[in-house]
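Beneath this line is the structure, given in C-alpha cells, with notes to follow.
Lettering follows sequence order; numbering is per chain, from 1.
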Amino acid sequence: MNPDGKTLPMSDSVQKRSLARVRFAPSPTGYLHVGGARTALFNWLFARRQGGTMILRVEDTDAERNKPELVQGILDGLRWLGVNWDEGPFYQSQRTELYRAAAKKCLANGAAFLCYCPAEKYAGGDHTEPAQDEEPKAGGPRRVTRCSCRDGKPSTPGVKPAVRFKVPLGGTTKFLDAVFGEREFSNEEIEDFVLLRSGKNDEEFGQSMYQLGVVVDDIDMRITHVIRGADHLSNTPKQVLLYRALHSEPPVFAHVPLILGADKSRLSKRHGATDVNMYRTDGFLPEAFRNFLALLGWSPGGDEEFLRTKELIDKFSLEGVSRTNAVFDRPKLEWFNTQYLQRLPIEELLPEVEKELKRSGLWKPEWAAGAAPGPEGRDHAWFSRTVDLLRPRIRLLPDFSSWSRAFFSDEFPRDAAAKEKFWKDPKVPELLAKLADTLEKLNEWNHDACDHASRAIAEAGGVKAGLLINATRVAIVGQAVAPPLFDTMVVLGQQRVVRRLRDAVAGFGKA
RNA sequence: GGCGCUAUGGUGCAACGGUUAGCACGUAGCCCUUUCAAGGCUAAAAUACGGGUUCGAUUCCCGUUAGCGCUACCA
C-alpha cells in the first residue's frame, strides 16, 4: 500500500520490487560519519520499501589514504544502526582487473586516451595556464582541462601514462535525479578526468580512480538507483559520460542533501561527535538514532515524527527527500532518545539496559529472564519493574549505571548538595529514625503502606509530608532527583530501605 | 575564479497558487506539589532581499545576497 492508499497491480508491483538494487559505498579513509550513515540508511529504507536488494561495497582504490582496519568499525556502525545488506561487502581493491578492462575498452573505442603528463602538473587543480585573474586567491585560479595528450601525444620514454577520459568538446550531458529533477551540464565545464592511475614499477596501469570504479561496479552490480550525498551531484555528468562510453544505461540518481554542523559549515569533529560509533558508546538507542537520522533531509509529509523502523520503511520515498542541507541538532537527537526510552515496549528496552549494566559491572545474573530469583526475591520481574520506574527520567543508557546506581547496587554516592537542600530541618534525623522503625514493622510492603506510614510519621512530628518525603529520598538513593518515593521504596525492598535510612541517620549524626 | 545546488522561527520538518503559515526540538513563563532530568498548559520566534507572472504568491520566473558543493593520478 502506498501512502496515498493506492495499491499497484500485484504483478506490476512485485516485478518492480524485485528489480530495485541499491548500494552503500563507503571509503575506509575514516570512521562511519553520520552523513554516510544517513546515506546508508536512505539506501536501506529504499531497498526495504521496494523489496529490493541492498549491496555494500568498500571503495578502497586509494592505497595511500586507505586504512583497512577502519572497515570493521564501519561495518559495526552499520550493524548497530540496523542497516544490513544482502550482498557484499565487495572490495574495489580486489576488482582492479575489471576496471583496467573497462579503461582499455574506452581506449579502444576512442573514449579515452593515454596521458603522459606528470602527475604533479595537475596537482592542485591548475590544469592549464593561469587565468587572467591577476591576484590568485586561496587555491589560485583554476580552469577546466582539455589535456594536450588527448589527440595522441607521442609516448614519452620512461613515463608511464595514466588513462584519461576524452570528454566531448561540445554539447551537454543530462541525467535524471529523483531529488533534484532533470539536470543538464555543459561538457565544456567537465575536464578530461583520470580513469586509471599510471602504473607503478612494472605495472602497465595503476589503480582505478573513483569515477571509473563507481561506474564499472554500478553497471556490474546492476544498480538501479544511486542514492548518495549531494556532494556528488557535480561529478555525475562525468559518470553519465562513462556509462555511454561503456554502452550502458545510467541508473536513476538520487542525491541527498548534506548534513551540516550548528554553524552551517560542513559537519566536522569540532561540531561534536561525527563518528556513529560514538553515539553507540554514548548510550543512544539505535532505533532512536535511526529515527532522528531519517528525518534529516527527509519527511513523510505530515507532522508525525516519531516513526518506528517499520513505519519508516512503509513511508520512505525519494519524493520526500529534501534538497536543502540539514543541521545536525544533538539536543533533538537526545529528545528522540528519551522518547524511545519511555515509549518502547519494556521487553525491547530490557536487553539494552542489561548490556549497559554488564558494561558497568552492576549486572546480576538473577535478573536475567528465566533465571532463579536472587536474594530478597529480586528476579527478572523485579528488574523489569525497576527499569520501567526509572526510564522516564533517563536520557542515555549509561544513566542506568550512574544516575540510577542506587537501584542496582548498595554502593552509591550520596550527594552533599541534595542533603544540604532537603535535610535543612533539624528534626530530619529523628524523623527518619522513627520512619525506619515504623517501616521495619510493616507486614505488607507496597506503595500505599509506605505512603500511609510516612505521612503518619510526618504528621506526628509536626512537619509537612513533603519535607519527610524529600529527606527520605535523599537518604535512600543519595540524590535529590529520583522516581516517586513510594514506588522507589517498593522496588528497593523493605530491608534495604530500613538499612539505608539508618545508615543515613548515622552518617548525618557524624557529619 | 569557474560551474552547480539551496534559501519557511535558533534547529528539524509541514503547507506542493488561496491557511489566522502548522508540528516538533530548544528557549521563557505558569501549573502539578513528592523531588525533576517526569508530566500538563501558555508565550516569544520564520516565508533572505528586489523585481516580475497571476484576481491571488511561502509556492512559478529573473536578479541580488548568503550558505554549501564540485573544480585531485581523493572518494
Side-chain angles (χ1 to χ4, degrees), chain A residues 25-29 59-62 64-66 115 117-125 127 130-133 135-145 162-164 180 183 185-186 188-191 193-198 206-207 209-211 213-214 229-237 255 257-258 260 262 264-266 292 295-306 322-336 338 342 391-395 399 403 418 421-422 451 454 464-470 472-474 479-486 488:
Chain A
S27 175
T29 51
E59 309 215 323
D60 54 351
T61 53
D62 186 348
E64 308 282 294
R65 308 197 320 154
N66 179 35
C115 174
C117 299
E120 311 82 63
K121 175 179 173 184
Y122 293 137
H127 288 179
Q132 305 77 326
D133 199 324
E135 53 225 83
K137 305 189 173 62
R142 291 171 184 183
R143 296 186 62 197
V144 170
T145 300
V163 178
R164 270 183 198 278
F180 289 90
R183 293 292 116 181
F185 288 80
S186 167
E188 299 299 335
E189 300 297 334
I190 306 172
E191 81 267 6
F193 54 98
V194 175
L195 258 26
L196 233 43
R197 295 172 169 90
S198 51
Q207 291 275 292
M209 289 290 286
Y210 169 73
Q211 313 287 358
V214 251
D231 49 344
H232 286 101
L233 196 56
S234 300
N235 282 324
T236 305
H255 288 95
L258 303 180
L260 310 177
K264 305 226 177 183
S265 68
R266 195 168 199 167
F292 169 73
L295 261 19
L296 244 33
W298 174 77
S299 162
D303 282 337
E304 327 120 273
E305 55 181 1
F306 184 83
S322 153
R323 281 152 308 183
T324 56
N325 295 164
V327 172
F328 186 90
D329 187 39
R330 174 146 178 152
K332 184 133 189 188
L333 166 61
E334 294 190 358
W335 176 79
F336 267 108
T338 61
Q342 289 181 50
R391 61 170 167 169
R393 265 155 270 254
I394 298 288
R395 297 189 73 78
D399 293 337
W403 185 80
K421 183 177 178 189
F422 290 121
D451 191 337
S454 301
K464 283 167 62 180
L467 186 145
L468 178 63
I469 286 169
N470 290 332
T472 303
R473 178 181 299 107
V474 175
Q479 55 199 30
V481 177
L485 183 69
F486 305 124
T488 297

- Cationic N near anionic O, under 4.0 Å, A:Glu64 to A:Arg197: no
- Task: Tell which nucleotide pairs with B:G1, taking only Watson-Crick or G-U wobble pairs whose two distances are both under 3.5 angstrom.
- Result: B:U71
- Message: For B:G39, give the paired nucleotide (Watson-Crick: N1-N3 plus N6-O4 or O6-N4; G-U: N1-O2 and O6-N3; both under 3.5 Å), or none.
- Response: B:C31
- With RNA chain B as reference, determine whether A:Asn235 or A:Ala230 sits nearer its 5' end, using the nearest nucleotide of each. A:Ala230
- Query: Taking the nucleotide of RNA chain B with the closest heavy atom to each, which residue, A:Phe328 or A:Arg473, is nearer the 5' end?
  - Reply: A:Phe328
Does [N] have OP1 or OP2 under 4.0 Å away from a side-chain N or O of [X]?
X        : N     : value
A:Arg266 : B:G69 : yes
A:Thr324 : B:A7  : no
A:Arg197 : B:A75 : yes

- Message: At less than 3.5 Å, do the side-chain atoms of A:Asp303 and the base atoms of B:G22 form a donor-acceptor pair?
- Response: yes
- base_contact_polar (B:C3 base, A:Ser234 side chain, donor-acceptor, <3.5 Å): no
- Message: Can you measure A:Met209 atom CE to B:U71 atom P for me and round it to whole angstrom units?
- Response: 10 Å
- How many Å lie between NZ on A:Lys332 and P on B:C13, as a whole number? 9 Å
If you look at every strand shown and take non-hydrogen atoms under 4.0 Å, does [X] touch a base, only sugar-phosphate, or nothing?
X        : value
A:Leu258 : sugar-phosphate
A:Phe336 : nothing
A:Phe292 : nothing

- Query: Do other residues, nucleotides or ligands put more than 12 heavy atoms under 6.0 Å from the CZ atom of A:Arg323?
  - Reply: no
Among the candidates [options], find the nucleotide nearest to the side-chain atoms of [X].
X        : options             : value
A:Arg393 : B:C73, B:U35, B:G26 : B:U35
A:Pro484 : B:C3, B:C74, B:U35  : B:U35
A:Arg323 : B:C3, B:U6, B:U11   : B:U6
A:Arg164 : B:C73, B:C68, B:A75 : B:C73

- Result for side chain to side chain donor-acceptor pair (under 3.5 Å) between A:Thr236 and one of A:His255, A:Gln211, A:Arg183 points to A:His255
- Query: If every non-hydrogen atom of A:Leu233 is compared with every non-hydrogen atom of A:Phe185, which pair is closest and at what distance?
  - Reply: O-CZ, 4.1 Å
- Query: So which heavy atom on A:Pro257 is nearest to which on A:Ser322, and how close?
  - Reply: CD-O, 3.0 Å
